[in-house]
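Heads up: the structure comes next, in C-alpha cells.
Residue numbers start from 1 in every chain, and the chains themselves are labelled A, B, ... in the order their sequence lines are given, proteins ahead of strands.
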Amino acid sequence: MAISIEDVEHVAKLARLRLSAEEKDTFRRQLSDVLEHAAVISSVDTEGIPPTSHTLPMVNVFREDEIRPSLPVEEVISNAPWAEGGAFKVPRII
Amino acid sequence: MDILNRSAVELAGLIKNREVSALRVTDTFLERIEEVEPRVHAYVNVYSEAARASAKHIDEDIARSERVGSYAGVPMAIKDVLSTRGFNTTCGSRMLENFVPVYDATAVERVKAAGAVMLGKANMDEFAMGSSTENSYFGPTRNPWDLERVPGGSSGGSAAAVAAGEAPWALGSDTGGSIRQPASLCGIVGLKPTYGLVSRYGLVAFASSLDQVGPMTRNVSDCAALLGIVSGHDPRDSTSIEEPARDYLGKLTDDVKGMKVAIVKELSSEGIDPGVLEQIRATMDVLESLGVHTDEVSLPSFENGLSSYYLIAPAEASSNLARFDGVRYGYRAEGDFNDVWDMYDATRAEGFGPEVKRRIMLGTYALSAGYYDEYYAKAQKIRTLIVRDYGRAFDEYDLLVSPTSPTTAFKLGEKMDDPLTMYLSDICTIPVNLAGIPGLSLPCGLADGLPVGFQIMGPPLSEQKILNLAYALERETCFDPRPAGLGAEKVT
Amino acid sequence: MENETIIGLEIHTELNTNSKMFCGCEATFGGDPNTKTCPVCLGHPGSLPVMNREAVGDTILLALALNCGITERSIFHRKNYFYPDMPKDFQISQYDIPLSHDGWLEVEMEDYKRRVGITRVHLEEDTGKSVHIGESGRIHGAEHSLEDFNRAGIPLAEIVTEPDLRSPEEARAFMQMLRATLEYLGISDCKMEEGSLRCDANISIAVDGKMGTKVEIKNMNSFRAMFRALTYEEERQRFALKEGEVIVQETRHWDDDAGQTSPLRSKEEAFDYRYFPEPDLVPVEPDKAWVEAIKARMPELPVERLRRFEHKFGLQPEIANMLTSEKAMADYFEEAVVSGQDPVALAKWIAGDLAAMLKEATVPIEACPLKPHGLGELVALVAQRIISGKMAKEVLREAFETGKGPSEIVEAKGLSQIADGSEIESVVDEVIATNPDAANDMREGKEQALKFLMGQVMKKTRGKANPEMASDLIKKKLNAG
C-alpha cells in the first residue's frame, strides 16, 4: 500500500504535526512499509464477525448526579504555559 | 543485614517486626541507586528527600504502634507513565518534561495506602511506545545483564531497576507487552493483569482498550502481593471490572498437578531464537515433571495479531495524544505565532519524538475517512477472531504458554533503523492484550548468558492459576534474578 | 419555477443536571474562569470519563417526549478535532448508534399543523468557552483568546430534525414548541442568551421538486436572530437562483448587527472527525424497567396542555397557545382559575395587559407582584361591576407596581363604581335635563350624542358610574333603542 507525500501532508495536518521535508519522506516510506505488512489482514475472511471494541461484557456503568469538589484555580493553571486571570491564554484562533 | 537481595514481602516483614527501620531500607536502595544509576539509568527522577521523609514517618508510626499499611516502608519504583501528585510525570517525553500532576493515579494511591515508599519514577519509551526504552527523551536505560544491550520496553526502567537492585519491586504498564517483554529481557517477573482488573485512572493513556498497569518483581510471591494491592474495582474507571481486591499471595500454592497446559504453535517455531526455544522446551519438561499435562495447540488467528495491533493501538493513541497541544499543560513551543494552529503544529513537532510521531501518523491514517473500514474496523474484527481462538483453547486447556520474546536482549541501536523489526519483538505478547486476558513472564533460564522469559497466559481472571504455575516453576528452576556483573556485592 | 424552502435544524440544549456529564464538577452557568474544573474535564493525562446517570435519563425523557424510539444498545464515539476550547481535542459524542431515533414533533401554525420529523436525540459533552481579546471582542481580528473550561463537560442533548420545515416562520414556531417542551420536562434552563439552548440550521431551495444545495447557518443566538437569519438566507438563495447563480455548499455565519450571513473563513482543516467507538466507556442498554420509570415521570406536554385549555376552559387557540408556550404562565393561569372566575376573562388579562407589563419591566411571571389569586380578585371586581373594565386596567397597574391587592386598592382610593341603578338614574336625569340639545340629537338617532352624554355622566360621577348601566339608562330614557 503505497502512500504519497500528499497523503502524508494531509495526515500531518489532521494530526497537527509540522514535519520537515525529510521527515515527510521518511514517514512516507515507513508508513507504507507498516501498512503493506498490515495489509495481510484484508485477505482474512471476517464475514459476519463483529468488531471487538472491548473485551469486557459490561454495560451501563454510571455515576450518580452528585457534585464533587473541583480543583482550586491555582492548581488548574499550575502547569499552564501561558495564563491570565485564571484562564488559559492562546494565540488568536483566526 | 542483606537488604538488597530481599524480596519485597520479606522486607515488609522485617520492617514490621522492627528488625530493620524503613529509613535504613530506603537509604540502602538510595545508595545502590547512586552507585549503579550512572551505568543503568533506570530512573528519570529519583526523589531521595521525599522517600526518606516518607520512610521516617513510617518508622515513627510503627514506633507508636499506629496502624500502617501491610507493606509499610518497602520502597518501590513507579513507571513514569503513572500520575503522581506533586512529582513530575514525564512519560519519557519532552512534552511532559516539567509536568507536575495534581492528582495520584488509583494504582499509586493504593500502593501509598499500603505504605510503599516511592524512590522515583522509572524511565520508559516515550508515551509507552517502544520495545527497548531507546525512545525515551531522557536517554536509554541499559540492561543490567549487559550494559550494551537494551532492557526491553516500554517499562525498561522499571525492569532494570528491579534487576539491578535499585528497587525491590516496581509498577509498570503493558499495552502490547511492555511489562512482560522487559521482564523477560531483564530476568524478572512481570504480569499484565486481565483488562479491567487494575484501574487505568491516572495511567497516561496510550491505547485505551489495551493498556493495563501491572507488577514487576524479583519473584512470584512479590508479584502476587503487588497485584493484590493495586487490583480491584475503581468507580473512576468505567472499564474497571466489578472485582474486589483479592489475596493472591495468601492463596499461592505450588500444587499444579493435573493442570493442562499447551504451548502455542504459532509462537514457538519460526521467528523465535533457537536459544530461547531451547529454554522454553526445557521448561515444558519441568512442567511435565511436576505432573502437568503438556500439549501443543494451534491458534491460526495469531498470525494477524501484529498487524491488527499496529492498526488499533496507534489509532487509539493518535486520539489519546491529541490533548498534548500546549494549551493547558506541558510543553509549548517558543516564538511568536501567527495563530493557535501554528502554535499547535510547532509544539507537537518539537514536543514528540520520532516514534510517537510515527504512530500518531499511522493511527490518524488508519482512522481517516475512506480508510476506517479497511484498517481500524477490520483490525477490530481480527481481534474478535483472536478472542475466539483463545476461548476455544481455554475450553480444552487451563493455561497456554509461549516464549515471552522471540529473542534475548538485543544491542542498543540494533533495531532502531527499521521500525518493523522493532515491532516484531512483540509478536508473542500482543495477542494477550488484544484478547484482554492475563499474561505473566517468568525468567526460566539463560541463553548465551542472557535471560529468557517464559510466558504463561490464562482466561480472564485466572491470575491465581497463572501465579501458582509460575510459583511451582520458580521453585523448581531456582532462577537467580541477580545479573552477573552488576551483582549486589560487586561494583564494576 | 416552483420554489420550496427546505429547512432542517440541529439543536443543542444543556441539561440542568447538578454535575457534569463525565465528572462531579458543578454544572452551572458562570463563575470565575476555571473554578469548576477537575482533571477529567480539563483533559489531564490519565483522566477518565464516567457517565452521569441522570443525564442519560433526562435524554431518554426528552426522546420519549419527542416520540422517538429508544435504542436498545447505544455507544459513545470520539469526535476528533483540534480547537482551544476542547480539553482533550476530541469530544465524547454519539455517532451512528445514538440513544434514540425516529421521532416527531407537531407544530401549530396559524391555520395548519406541521409535523416535523426528529431524526435523533443523542447525548454528548459541551466544550469550554473562548473569550477573544482584541478590538471588537469578536473572533475575527482578535489578538489572542482566553480559555475557560467551566462549561467543558456539561451534558448536551443534541436534537436533529428532518428537513421538514418549509419557512422561517415554521422554524421559529418549532423552536418555540421545542423550548416549551424542554421547559415542561424540567430538564433544561433553555436560555438562548446564556447558551443553554443553541441552534444551527441547514437551508436550501428546492426548484420544481429537485433538491437544492444545503447551506449551514451558524451563530443565531436568539429566536429573533434565527428568524431574521433564515429569512435573509432564504431571500439570498432565491435571488441567486433567479440570477442563474450556483449556490455553494458552505457554512455561513449570521451577523446580527449587519443583518446578513457570510461564509465562515477559518484555518481549520476539512472536517474529518475520524469517529471511532469511545474505548473508555461501555455501551448503554436502557432496560425496560428504567424506560418505564422515565415514562412515568413524563409531565403534561405543551400541546396536551394547549388542547386542555381549549376544551376545558373554552380558550381560543391563539390565547391558549400564548399561555402554554411558557410553562410559568400556564401555571399562573391555572392557579388563577382556582379563584372561580371566568377563565376566558382571566386568560385575556394574563395574555394581554399583564404580559405587556411583565415584558416592559422585564420581570418573569414567577416574580409577578400580583399573584394569581389577586388577578382572580380583580376579575371578580369587574364581574360584580364594582369597577369598570377601564378602571380595572389602572388597578392592575397599581397592584403590579405596589404589590397591594386589588380590593385594597379599590377601597383605599374609593374607586368602586356606582352600580346602584337609582343613583345613576338620578345623574342621568340631571344630565339629560341640563343638555337638551344633545338629548334631542339622541332622540333623532345621532349616536355621537350618546358619547357626549356619557361623558357628562362620567364627569358628574367622577368616572365611577358603571358605563353599561349609564348607557342603557340614557338610551332607555331617550327612546333610542
Euclidean distance, [Y] [atom2] relative to [X] [atom1], rounded to 0.5 Å:
X	Y	atom1	atom2	result
B/D325	C/D89	CG	CG	4.5 Å
C/F76	B/S238	CZ	OG	10.0 Å
C/N80	B/S368	CG	OG	11.5 Å
B/S319	C/K88	OG	NZ	9.5 Å

Which one wins on heavy-atom pair count under 4.5 Å against chain C: B/L203, B/V327, B/L82?
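Looking at each option in turn, the highest pair count goes to B/L203.
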
Using a cut-off of under 4.5 Å on heavy-atom pairs, state which of B/Y329, B/F99, B/Y201 scores highest against chain C.
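Highest number of heavy-atom pairs under 4.5 Å: B/Y329.
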
Counting C-beta onward and ignoring hydrogens, is there a side-chain heavy-atom pair between C/Y275 and B/L367 closer than 4.5 Å?
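No - every pair of side-chain heavy atoms lies 4.5 Å or more apart.
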
Does any part of the side chain of C/D280, heavy atoms only, come nearer than 4.5 Å to the side chain of B/R200, both counted from C-beta?
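Yes, close enough: below the 4.5 Å cut-off.
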
Side-chain donor or acceptor of [X] paired with backbone N/O of [Y] under 3.5 Å:
X	Y	value
B/R323	C/G43	yes
B/Y103	C/H44	no
C/D272	B/A369	yes
B/R328	C/L42	yes

Quick one: are the ring centres of C/F276 and B/Y372 less than 6.0 Å apart?
no

Can you confirm whether [X] is buried at [atom1], in the sense that more than 12 heavy atoms of other residues, nucleotides or ligands lie under 6.0 Å from that atom?
X	atom1	result
C/E285	CD	yes
C/Q249	CD	no
B/E334	CD	no
B/D336	CG	no

Max heavy-atom pair count under 4.5 Å with chain B, selected residue of C/P279, C/P45, C/P49:
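Of the candidates given, the most pairs with chain B belong to C/P45.
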
For chain B, find which of C/S47, C/G46, C/P277, C/P84 contributes the most heavy-atom pairs closer than 4.5 angstrom.
C/G46

Less than 4.5 Å to any heavy atom of chain C: does that hold for the side chain of B/P235, its backbone, both, or neither?
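Contact with chain C: backbone only.
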
Report yes or no: do B/N320 and C/R78 form a side-chain donor-acceptor pair below 3.5 Å?
yes

Closest heavy-atom pair and its distance - B/W341, C/Y83:
CH2-CD1, 3.8 Å

